[in-house]
Amino acid sequence: MINILLFAHLQELVGESQLKVELSDVTVAQLKEWLEKQYPQLSLQQIMTAVNEEFATDMTIVKSGDTIAFIPPISGG
C-alpha cells in the first residue's frame, strides 16, 4: 500500500488530504497516470513529487509502504 499526501488545490480537487492505494513497484509517472485516471479533475504534470520526504523524479520507483507527496507550485504576489 502506498500513502499519498495531497496539498493545496490538489487536496480540494480530490476532497481528501491523504489517499491509500494498493499499488507497488511503479514509477512516479505511472502513479501520476493512475491517479489522473481515478480523478480526472487532476493534472499532475507540473507537480513536484517527494518520496519518503525526498524530492523525486518521474522515474523514481515507488514501493509498498512509501509515502508520496504531490506538491503544487507556490505562487505569490
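- For residues 7-17, there are no side-chain hydrogen bond (donor to acceptor under 3.5 Å, both in side chains) pairs, not counting sequence neighbours.
- Counting heavy atoms from C-beta on, the side chains of Thr49 and Leu44 never come closer than 4.5 Å.
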Handout entry: Criterion side-chain contact (heavy atoms from CB on, under 4.5 Å) on Met59 and Val28, from CA distance to verdict
Key = CA-CA 6 Å; Met59 299 311 296; Val28 167; over 6 Å; no
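- Follow the hydrophobic side-chain contacts under 4.5 Å out from Leu42 and you reach Leu31 in the same cluster.
- One hydrophobic cluster, built from ILVMFWY side chains closer than 4.5 Å, cannot hold both Phe55 and Ile47; they sit in different ones.
- Summarising the local packing, CD of Glu54 is surrounded by 12 or fewer heavy atoms from other residues, nucleotides or ligands at distances under 6.0 Å.
- Note: the hydrophobic cluster containing Leu13 also contains Val21 (ILVMFWY, side chain heavy atoms under 4.5 Å, direct or indirect links).
- Atom CD1 in Ile4 sits 11.0 Å away from atom CG in Leu10 (nearest 0.5 Å).
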Compile the donor-acceptor pairs under 3.5 Å between side chains in residues 63-70 and protein atoms, sequence neighbours left out, one pair per line.
residue	atom	partner	partner atom	Å
Ser64	OG	Met1	N	2.6
Asp66	OD1	Asn52	ND2	2.9
Asp66	OD2	Lys63	N	2.8

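- Connection of Ile71 to Leu19 is not established within any shared hydrophobic cluster, with ILVMFWY side chains joined at heavy-atom distances below 4.5 Å, either directly or through further cluster members.
- Taking Lys20 as the reference, nothing meets the salt bridge (charged side-chain N to carboxylate O under 4.0 Å, His left out) condition, with sequence neighbours excluded.
- With sequence neighbours excluded, no residue satisfies side-chain hydrogen bond (donor to acceptor under 3.5 Å, both in side chains) with Gln38.
- Two different hydrophobic clusters hold Val26 and Ile61 under the rule that ILVMFWY side chains link at heavy-atom gaps under 4.5 Å.
- Contacts of Gln45 classified as side-chain hydrogen bond (donor to acceptor under 3.5 Å, both in side chains), with partners at least two apart in sequence or in another chain: Glu36.
- Between Lys32 and Asp58 there is a side-chain heavy-atom pair separated by less than 4.5 Å.
- Looking at heavy atoms from C-beta onward, Val62 lies out of side-chain contact with Leu23 at the 4.5 angstrom threshold.
- A search for side-chain hydrogen bond (donor to acceptor under 3.5 Å, both in side chains) contacts involving Thr27 returns Gln30, not counting sequence neighbours.
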